[in-house]
Amino acid sequence: MTEFGGVQRDDTVIGRMKQQHGLISRTQALDAGLTKRQIEHRVASGHWVREARGVYRHAAVAASGLTRLRAAWMAHGGLASHRSAAALHHFDGYRLNTVELTVAPGRNRAIKGVRFYQSTQLNLAKPVVRDDIEVTGPARTVLDLAAVVSSKRLDRTVDAVLRSGQLRLSDLWGVLASHACRGRPGCAALKASLEERFGDEPVPLSAWSRMVAELLTDAGLDYPALEHRIHDARGDFVAQVDLAYPAQWVAIELDSARWHDNRESFVEDRRRRNEITLAGWNVLNFTWDDYASRSERLRATVIGALDGGGQAAPGRTSSS
């Protein structure tokens with residue numbers, strides 16, 4: 001036994017509370033050997049304070065935004081999100097004075113001091129741990145903020161995360177594309193912010209290729225080969241394509257006025273497509289607008305092509 005806040009405790013309980021900003025759940029306390037009656041006595045005597053449902057804070061630890069957020073997260077699960085996540089990520093201009101959690105559908109409830117959001121896209125949140133709390137990833141946090149803050153504050157936030165190096169422009173376009181669906185809160189606002197201030201700033205083709213690859217892996221597909229070289233039946237080089245699924249003979253070309261903006265490129269691109277097709281490949285072409293505004297259709301098109309692939313035509317040859 002040892003002393004903590006003037007009250008004798010079991011070493012396991014003390015250690016757990018010290019690790020959790022002075023907090024412990026009812027389940028953890030019971031697992032550590034305390035009885036229900038002992039827990040109730042600690043609360044009744046004022047040594048423990050109920051911070052959330054089934055979560056207690058030691059009275060020697062001052063209540064704070066962090067203890068309130070952690071207690072809510074311990075009680076209800078999900079991910080710290082929106083302004084809470086922004087504060088934990090140290091986004092400029094955000095403080096931990098709100099408790100916001102994103103949870104799976106059906107888990108929403110009205111609890112004083114906690115704001116819940118339901119999401120069917122928790123699998124895309126790419127959570128990280130901040131202050132021992134699971135938090136939506138930085139890019140997802142910006143998207144969530146786009147749904148709840150003013151356009152002016154969103155613009156300042158985008159500027160801040162790019163300036164600090166916490167995110168790249170490609171990260172913001174990527175999270176927008178991966179989460180895009182009709183009526184998804186935040187998508188329209190973030191898209192407007194990016195287009196207004198960065199719409200004419202070209203994203204390098206190599207970065208865009210990786211953004212599309214990540215979009216496809218978020219949909220559950222294997223990571224495609226990048227800069228894949230295709231040869232004909234005689235082994236002669238035909239073309240190098242932006243992305244490919246060689247096992248299914250699906251090639252993906254990314255077209256945009258940013259790189260294909262003259263008549264020579266227009267003609268040459270179509271000649272290349274014909275040669276790749278004659279080599280036995282299914283060629284899919286996508287534009288920046290397909291990625292930024294119609295990502296669901298892009299994913300569905302690739303999935304459909306892969307489902308129909310896999311039967312190699314005679315003479316097909318490829319190499320990375």
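Residues take their numbers from the sequence shown, with the count starting at 1.
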Let me check something: any side-chain donor-acceptor pairs from residues 87-94 under 3.5 Å, sequence neighbours excluded? List them with distances.
unit_1 : atom_1 : unit_2 : atom_2 : d
H89    : ND1    : R130   : NE     : 3.4
H89    : NE2    : T136   : O      : 2.7
Y94    : OH     : T157   : OG1    : 2.8

Query - side-chain hydrogen bond (donor to acceptor under 3.5 Å, both in side chains) against Q166, all qualifying residues, sequence neighbours excluded - result: S164
Report task. Please identify each residue that fulfils side-chain hydrogen bond (donor to acceptor under 3.5 Å, both in side chains) with H179, with sequence neighbours left out. Result -> R140
Query raised in the report: side-chain contact (heavy atoms from CB on, under 4.5 Å) with Q20: which residues, sequence neighbours excluded?
Result: R16, L23, Q28, R70, M74
Report task. Output all residues satisfying salt bridge (charged side-chain N to carboxylate O under 4.0 Å, His left out) with E214, sequence neighbours left out; order by chain, then residue number. Result -> none
Report task. Please determine, by modelled atom types, if T141 and D144 share a side-chain donor-acceptor pair under 3.5 angstrom. Result -> no
Query raised in the report: Excluding sequence neighbours, so at least two apart, what forms salt bridge (charged side-chain N to carboxylate O under 4.0 Å, His left out) with D171?
Result: R168
Query - Any residue meeting side-chain hydrogen bond (donor to acceptor under 3.5 Å, both in side chains) with Q19, in chain and number order, not counting sequence neighbours - result: none
Query raised in the report: Partners of Q38 by side-chain contact (heavy atoms from CB on, under 4.5 Å), sequence neighbours excluded?
Result: L34, T35, R42
Requested in this report: With sequence neighbours left out, write down each residue that passes side-chain hydrogen bond (donor to acceptor under 3.5 Å, both in side chains) with E253, or none if nothing qualifies.
Outcome: R272
**Report entry** R210: partners by salt bridge (charged side-chain N to carboxylate O under 4.0 Å, His left out), with sequence neighbours left out
**Finding:** none
Report summary line: The remaining residues in the hydrophobic cluster of L122, counting side-chain heavy-atom contacts under 4.5 Å among Ile, Leu, Val, Met, Phe, Trp and Tyr, are L79
Requested in this report: Not counting sequence neighbours, which residues clear salt bridge (charged side-chain N to carboxylate O under 4.0 Å, His left out) with D222? List them please.
Outcome: none
